[in-house]
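Single-structure report; data block below.
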Amino acid sequence: MSKALIIDDEKPVRIALEKLGDWKKYDITDILMASNGKEGLEIMRLHEPEYIFLDICMPIMNGLEFLECAKEEYPNSQFIIVSGYDDFHYAQNALRFGATDYLLKPVDRQSINNALEHATKKLAVALEEQMQAQSAESDSTTDTVSSDRYSTEQIVEMIHNYIDEHFSENIKITMFSERYFFSKEYISRAFKAKYQYGIYEYVLKVRMEKACELLLDESIKIQDVGERVGFQDNNYFSKAFRNYYNISPSEYRRDFFTTKKE
């Protein structure tokens, strides 16, 4: 099962893309949304979607800025530009930064699904190459970190414990790959194999569970709850909480104390 992320500051465009994509055909079960590149990057780090549709001209962080950052962190993900600019310069830069396709608005069903088909084939090739590289790495490595020796399982457990203790901090997979001298892909795969969650998914899980605990303390303001569990933007915290529990933080708090009084 895969995930897709649609990034566009125009809500009608996001809705149109969601309706036109033949998601089931490509085993895409979750469609995530963002209104700018900054929000998209945060969602990207939490959910690690394989397919990303994005506009170029957006506030806060535009599509090319997002693409430059995201492609470096997630080289296997497939990025499809959906732009209103029929401009060679934009298209050239998008492809240079790693975009799979460059579609022009208004998009139609066929162009979107052709792009999905193309992206799926490229993703399969990238994953196959990654698996081959990891297999070679696994054969040659002795699981040595500096002068100490740790098994992959021990490293995964240390990452798990680190997240439990530092969930409110800015956690990136690169910090673990640099610390333990394994690739981001290898660490991510090992973590998910043991805990059934991707690293960023587990960070979100811990943050959301801790947020629920803090919301039961009425002396703590809701905006402070978000900050305590690692969200600098209260609006994004509220949106993430609602996406996770299908209820807003304020509704969660209200419902708890209403039920308690009854």
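Given the structure is predicted, the values throughout are model-derived calculations rather than measurements. Just the heavy atoms: all of them, side chains too, but no hydrogens, waters or symmetry mates, feed the values below.
Side-chain contact between Ser188 and Ile173: present, with at least one pair of heavy atoms (C-beta onward) separated by less than 4.5 Å. A heavy-atom distance below 4.5 Å is found between the side chains of Leu215 and Ile222. In this structure, Asp55 and Val13 have side chains that are not in contact, with every pair of non-hydrogen atoms separated by 4.5 Å or more. Between Leu54 and Ile81, the closest side-chain pair of non-hydrogen atoms falls below 4.5 Å. You'll find the side chain of Ser238 reaches within 4.5 Å of the side chain of Pro249, heavy atoms only. For the pair Tyr202/Phe191, a side-chain contact is recorded, criterion being any heavy-atom separation below 4.5 Å from C-beta on. Contact check for Val107 versus Phe53: no side-chain heavy atoms found under the 4.5 Å cut-off. Residues Asn36 and Phe66 are not in side-chain contact: their nearest non-hydrogen atoms beyond the backbone lie 4.5 Å or more apart.
Of all heavy-atom pairs spanning Ser111 and Leu103, the tightest one is O-CD1, 3.9 Å. The minimum heavy-atom distance between Thr174 and Lys184, with the atom names listed, is CG2-CD, 3.4 Å. Shown here for Ala211 and Val229, the closest heavy-atom pair between the two residues is N-CG1, 3.8 Å. For the pair Phe237 and Met208, the tightest heavy-atom approach, listed with the atom from each and the gap, is CE1-CE, 4.2 Å. Between Ile7 and Gly40, the closest heavy-atom pair is CD1-CA, 3.9 Å. Across all non-hydrogen atoms, the minimal contact from Asp9 to Arg14 is C-NH1, 3.8 Å.
We find the CG-CD distance between Leu67 and Glu65 to be 11.0 Å, quoted to the nearest 0.5 Å. Note that CD1 of Ile159 and CD1 of Ile187 are 4.5 Å apart. Values are rounded to the nearest 0.5 Å. Distance check: Lys210 NZ to Asp164 CG gives 11.0 Å after rounding to the nearest 0.5 Å. Annotation: the span from His118 atom NE2 to Gln78 atom CD amounts to 8.0 Å, rounded to 0.5 Å. To the nearest 0.5 angstrom, His160 atom NE2 is 12.0 Å from Glu153 atom CD. Asn243 contributes atom CG, which lies 7.5 Å from atom CD1 of Ile43 (distance to the nearest 0.5 angstrom).
Judged by distance alone, with hydrogens and angles left aside, the side-chain atoms of Ser77 form a donor-acceptor pair with the main-chain N or O of Pro49 at under 3.5 Å. In this structure, the side chain of Lys71 engages the main chain of Pro75 through a donor-acceptor pair within 3.5 Å. Using modelled atom types, no side-chain atom of Asp22 and backbone atom of Asn113 make a donor-acceptor pair closer than 3.5 Å. The backbone N or O of Ser168 sits nowhere less than 3.5 Å from a side-chain atom of Arg228 that would complete a donor-acceptor pair. The backbone N or O of Asp217 lies less than 3.5 Å from a partner atom in the side chain of Arg253, making a donor-acceptor pair. Between the side chain of Glu50 and the main chain of Lys3, a donor-acceptor pair closer than 3.5 Å is present.
For Arg179 and Tyr162, the positive end sits near the middle of the six-membered ring, less than 6.0 Å away and at most 45° from its axis.
Each of Tyr236 and Ile60 belongs to its own hydrophobic cluster when Ile, Leu, Val, Met, Phe, Trp and Tyr are linked at side-chain heavy-atom distances under 4.5 angstrom. Following chains of ILVMFWY side-chain contacts shorter than 4.5 Å, one cannot reach Ile15 starting from Ile31, and the two form parts of different hydrophobic clusters. Placement of Leu216 and Tyr244 within a single hydrophobic cluster is found when ILVMFWY residues are connected by side-chain heavy-atom separations under 4.5 Å, directly or transitively. Linking ILVMFWY residues whenever their side-chain heavy atoms come closer than 4.5 Å, directly or via other members, places Met175 and Met158 in the same cluster. Cluster annotation: Leu104 is connected to Ile52 through the hydrophobic network of ILVMFWY side chains, with a link wherever side-chain heavy atoms come within less than 4.5 Å.
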Full working for side chain to side chain contact (heavy atoms under 4.5 Å, CB included) between Asp30 and His47: CA-CA 10 Å; Asp30 295 322; His47 299 283; over 6 Å; no
Working for side chain to side chain contact (heavy atoms under 4.5 Å, CB included), residues Tyr26 and Glu117: CA-CA 8 Å; Tyr26 302 101; Glu117 180 73 25; 2.8 Å; yes
Worked verdict on Tyr197 versus Leu204 for side chain to side chain contact (heavy atoms under 4.5 Å, CB included): CA-CA 10 Å; Tyr197 289 95; Leu204 180 62; over 6 Å; no
Trace of the side chain to side chain contact (heavy atoms under 4.5 Å, CB included) decision for Tyr252 with Cys212: CA-CA 8 Å; Tyr252 180 89; Cys212 286; 3.5 Å; yes
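Remark: Lys105 engages Glu10 in a salt bridge, criterion side-chain N to carboxylate O under 4.0 Å. Using a 4.0 Å cut-off between charged side-chain N and carboxylate O, Arg242 and Glu251 make a salt bridge. Between Lys205 and Glu201 no salt bridge is recorded (no basic side-chain N to carboxylate O distance below 4.0 Å).
By the side chain to side chain contact (heavy atoms under 4.5 Å, CB included) test, Glu72 is found to be paired with no residue, residues two or more places apart in sequence or in another chain being considered.
Just one of Leu116, Ile6, Thr100 meets the side-chain contact (heavy atoms from CB on, under 4.5 Å) condition when paired with Tyr51; it is Leu116.
For Lys121, the NZ atom is loosely surrounded, since the number of other residues' heavy atoms within 6.0 Å does not exceed 12.
In this structure, Phe231 has its ring center no closer than 6.0 Å to that of Phe241.
No side-chain donor from either of Tyr186 and Ser177 sits under 3.5 Å from a side-chain acceptor of the other.
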